[in-house]
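To start, the structure under review is shown below, and the notes come after it.
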Amino acid sequence: MTFDDLVIPDTPASRGALEVAARYHTPSLLNHSIRAYLWAAAYAREHGIAFDAELLYVAAMLHDIGLAAEFDSHTVPYEEAGGHVAWAFCAGAGWSPERRVRVSEVIIRHMWDEVPVEEDPEGHLLELSTGMDISGRRTDEIPAGIRQEVLERHPRLEIAKEFAACVSEQGARKPSSLAGGFVRGGILDRIARNPLDS
């Protein structure tokens, strides 16, 4: 498998989601969002998981949009805020109500401990790939050549420092959220030990 084997959708919604992510994210968070899709696509190809590329790509681009100051919510966890933004974005893109619900579900579920692949392949892949990128979990399941090329094309920059600050702030403001539970569960240590940063 090479980088060129990865399916990167080129649709109006995909291009628009990338534009939104680029507008509201720092360079580190933008690259993280792109890598989240690429790790997911590579893992899916390696393990024979069929998935909706456009749905997964849009979800990956917008999965952390709730961390942006403009969309941060003081009433719901950031992944739920991101799900609402994605629903609204996809309504504007002309997606069906059912498909808008799906993108919202995938974004919310990326914070779950596990998403069953047979029930939600896109949710499974995004939960797995975001964990790979943030804490380094199971990165050895991505072929070394793909890992190297993705990191060269979309470098990590300050993602460890930035995401640690974001999740800590979310956890402090919303202690009952999954982010709060992650902080209490030691995510900051896992971020600091991510093998992708070594």
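The figures here come from the full heavy-atom set of this structure, side chains too, leaving out hydrogens, waters and symmetry mates. Keep in mind that what you see is a predicted model, and the values were worked out from it rather than measured.
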Would the distance check show the side chain of Lys174 and the main-chain N or O of Glu169 forming a donor-acceptor pair, the cut-off being under 3.5 Å? no

Verify salt bridge (Lys or Arg N to Asp or Glu O under 4.0 Å) between Arg173 and Asp72, making sure each step is shown before the conclusion. CA-CA 11 Å; Arg173 272 199 291 122; Asp72 187 14; 2.3 Å; yes

Glu122 vs Arg102 side-chain heavy atoms within contact, under 4.5 Å: yes

Would a line drawn from the ring center of His124 to the ring center of His110 be shorter than 6.0 Å? no

Rounded distance (nearest 0.5 Å) linking atom CD of Glu79 with atom CG of Leu178: 5.0 Å

Identify the two heavy atoms, one from Ile107 and one from Ala86, that lie closest to each other, and give their separation to 0.1 Å. CD1-CB, 3.4 Å

Within 6.0 angstrom of Glu19 CD, more than 12 heavy atoms from elsewhere: no

Can you tell me which residue among Asn31, Thr26, Leu29 is in a side chain to side chain contact (heavy atoms under 4.5 Å, CB included) with Leu157? Asn31

Nearest-0.5 Å distance, CG of residue Leu62 to CZ of residue Phe71: 9.0 Å

Please tell me whether Glu54 and Ser14 have a donor and an acceptor in their side chains that are separated by less than 3.5 angstrom. no

Kindly indicate whether the side chain of Leu188, heavy atoms from C-beta on, has any atom under 4.5 Å from the side chain of Ser168. yes

Would you say the side chain of Val20 lies within less than 4.5 Å of the side chain of Met61, judging by non-hydrogen atoms? no

dist Met111:CE -> Leu126:CG (nearest 0.5 Å) comes out at 11.5 Å

Side-chain donor-acceptor pair present, His32, Asp64, cut-off under 3.5 Å: yes

So how far is it from Ile142 CD1 to Arg45 CZ, rounded to the nearest 0.5 Å? 12.5 Å

Test: Arg35 cationic atom under 6.0 Å from Trp39 six-membered ring centre, within 45° of axis: no

Residue pair Phe89 / Ala17: nearest heavy atoms and the distance that separates them: CZ-N, 3.3 Å

Return the minimal non-hydrogen interatomic distance between Ser135 and Pro195, and the atom names on each side. O-CD, 4.2 Å

CG on Leu30 to CG on Leu18, rounded to 0.5 Å: 6.5 Å

Considering all heavy atoms, the nearest Ala13-Val58 contact: O-CG2, 3.9 Å

Is it true that Asp140 and Arg147 make a salt bridge, defined as a side-chain N closer than 4.0 Å to a carboxylate O? no

Within a strict 4.5 Å, meaning less than it, do heavy atoms of the Pro9 and Tyr37 side chains meet? yes

Hey, mind stepping through Ser73 and Glu80 against side-chain contact (heavy atoms from CB on, under 4.5 Å) and telling me if it holds? CA-CA 9 Å; Ser73 170; Glu80 291 184 25; over 6 Å; no

Which heavy-atom pair separates Glu162 from Ser28 by the least distance, and what is that distance? OE2-OG, 3.3 Å

Kindly give the heavy-atom pair with the smallest separation between Ala42 and Met1, and that separation in Å. O-CE, 3.6 Å

Tell me whether Asp5 contacts the main-chain N or O of Thr2 through its side chain, where contact means a donor paired with an acceptor under 3.5 Å. yes

Under a 3.5 Å distance rule, please check whether Arg153 uses its side chain to pair with a backbone N or O of Phe3 as donor and acceptor. no

Say you draw a straight line from CG of Asn194 to CG of Asp189; how long is it, rounded to the nearest 0.5 Å? 13.0 Å

Heavy-atom check, side chain of Trp87 versus side chain of His84, under 4.5 Å: no

Would you say Val101 and Ser104 make side-chain contact, with heavy atoms under 4.5 Å? no

Over 12 non-hydrogen atoms of neighbours within 6.0 angstrom of CD in Glu141: yes

Salt bridge between Glu127 and Arg137, side-chain N to carboxylate O under 4.0 Å? yes

I want to check something: taking the side chain as every heavy atom from C-beta on, are Ile65 and Glu70 in contact at a cut-off of under 4.5 Å? no

Check for a donor-acceptor pair, side chain of His154 on one end and backbone N or O of Leu151 on the other, with a separation under 3.5 Å. no

Check whether any side-chain heavy atom of Leu67 sits under 4.5 Å from a side-chain heavy atom of Phe163, and report yes or no. yes

Donor-acceptor pair, distance only, cut-off 3.5 Å: does the side chain of Asp120 make one with the backbone of Val106? no

